[in-house]
Amino acid sequence: MEPVHPEFVPDASLDRDEMEALQREIATEAVFDDDFALDPSRVCADRETGQQELGATGSEESAAGDAPVVVGVDQAFLDDDRAVSALVALRDGEVIERAHAVAPTEIPYIPGLLSFREGGAILAGFRELSVEPDLAVFDGSGRIHFREAGLATHVGVTLDVPSVGVAKNLLCGRPVASTDGLAEGDRVAIEADGDVTAPDGTVIGYAVQSRQYDSPNRYVNPLIVSPGHRVGAETAADLVLSCSAGYKLPEPTRLADQYADDLKAEVGD
DNA sequence: GCGACAG
DNA sequence: ATCTTGTCGC
């Protein structure tokens with residue numbers, strides 16, 4: 001698929017102020033509320049370990065309808081100046097397509113400007129994807145960003161695809177409570193603070209415990225989930241938990257991670 | 001000046 | 001992100 005908003009395609013040649021200005025513009029176009037066609041209850045990870053449990057009303061049976069297509073996206077680096085994006089499309093927990101692309105990394109990693117470093121490779125990857133995604137899951141922040149335009153939001157808005165951001169660490173914002181020792185399935189809201197453009201107290205995402213060990217001295221940190229585009233914070237957390245299948249990372253992301261590793265080894269061009 | 005920062 | 005063995009636990 002191609003960008004719906006070419007003017008938002010990340011341009012690594014912009015200077016820092018221009019990048020930040022573009023992010024503010026993107027945040028204006030972003031929709032942080034549910035506005036998608038997919039049925040959240042049909043977004044499951046795996047038939048065997050998925051945690052989705054449909055109500056037994058007797059009249060349903062995977063009505064062979066149109067289960068939503070969820071695409072997991074991740075990046076890896078081949079060189080110091082080449083990144084590879086890996087996309088894995090799933091429907092009903094089954095991989096239906098994989099796509100990838102290699103693109104130059106023109107700028108270094110700068111907190112808050114990640115999409116300008118990895119966005120090019122990601123969009124190139126989507127260009128190679130033939131299925132139409134109902135939801136894209138990115139590795140990084142969405143609304144949990146200084147200017148509410150993290151990677152998931154930037155790419156989601158550019159492609160105008162519903163998206164969520166899944167990060168392993170908090171970029172900014174303030175958890176409303178301790179995020180330590182949460183039980184599997186728990187979530188703690190992340191509110192905007194002085195570092196975020198949103199009004200103080202706005203819920204911009206959630207710390208989500210997708211996996212946790214039941215007993216002793218072994219802990220798993222929660223995922224940091226935030227809306228990318230056309231998805232509200234609560235729904236973003238719901239979707240991530242729905243896509244989780246016993247691992248910390250939701251299936252789309254886990255498979256994309258895996259695919260990226262394979263590409264790194266196989267496509268050592 | 002100090003603190004803080006996705007991948 | 002990336003560089004990497006062993007190690008603890010179910």
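Throughout, a chain's letter reflects where its sequence line sits, starting with A, and its residues are numbered from 1.
To the nearest 0.5 Å, atoms OG1 (A:Thr179) and CD1 (A:Ile224) are separated by 6.5 Å. Note that CG of A:Asp257 is 10.5 Å distant from CG of A:Asp262, once rounded to the nearest 0.5 Å.
Note: CG (A:Leu78) to P (C:dA1) measures 15 Å, nearest angstrom. As rounded to whole Å, 13 Å separates atom C1' of C:dT2 from atom CG of A:Asp74.
Remark: A:Lys264 is not in phosphate contact with C:dA1, judged by side-chain N or O atoms under 4.0 Å from OP1 or OP2.
No side-chain heavy atom of A:Pro222 sits less than 4.5 Å from a side-chain heavy atom of A:Val208.
Contacts of A:Ala83 with the nucleic acid, taken as non-hydrogen atoms under 4.0 Å apart, are absent.
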Dot-bracket notation for DNA chain C, counting Watson-Crick and G-U pairs under 3.5 Å, with | for partners on another strand: ..........
5'-to-3' dot-bracket of DNA chain B (Watson-Crick, G-U; under 3.5 angstrom; crossing pairs as [ ]; | other strand): .......
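Put simply, the side chain of A:Ser163 gets close to the backbone of A:Ala152: a donor and an acceptor are under 3.5 Å apart. Counting only distance, with no hydrogens or angles, the side chain of A:Glu97 and the backbone of A:Ser130 share a donor-acceptor pair below 3.5 Å. A donor-acceptor pair is defined here as one N or O able to donate and one able to accept, closer than 3.5 Å; such a pair exists between the side chain of A:His145 and the backbone of A:Gly112. Side chain of A:Glu191 to main chain of A:Asp200: no donor-acceptor pair is present (N/O by atom type, distance under 3.5 Å, no hydrogens or angles).
Applying the 4.5 Å side-chain rule to ILVMFWY residues, one finds A:Met1, A:Val9, A:Val69, A:Val71, A:Val73, A:Leu87, A:Ile96, A:Tyr109, A:Leu114, A:Ile122, A:Leu123, A:Phe126, A:Leu129, A:Val131, A:Phe138, A:Leu151, A:Val155, A:Val161 in the same cluster as A:Leu159.
Every residue meeting the side-chain contact (heavy atoms from CB on, under 4.5 Å) condition with A:Ala233, not counting sequence neighbours, appears here in chain and number order: A:Val203, A:Tyr206, A:Pro227.
In summary, of the residues considered (A:His154, A:Glu148, A:Arg147), a side chain to side chain donor-acceptor pair (under 3.5 Å) with A:Gln23 occurs for A:Arg147 alone. No option in A:Asp33, A:Asp34, A:Asp160, A:Thr235 other than A:Asp160 meets the side chain to side chain donor-acceptor pair (under 3.5 Å) test with A:Arg230.
A:Val188 and A:Leu170 sit in two unconnected hydrophobic clusters of ILVMFWY residues. Membership requires side-chain heavy atoms under 4.5 Å apart, directly or through other members.
A 4.0 Å heavy-atom criterion places the boundary nucleotides of DNA chain B facing chain A at B:dC5 to B:dG7, written 5' to 3'.
Annotation: proximity of residues 109-118 of chain A to DNA chain B (heavy atom, distance under 4.0 Å) is found for A:Tyr109, A:Pro111, A:Gly112, A:Leu113, A:Leu114, numbered in ascending order.
Residues A:Gly125 and A:Ala101 approach most closely at N-CB, 3.5 Å, considering heavy atoms.
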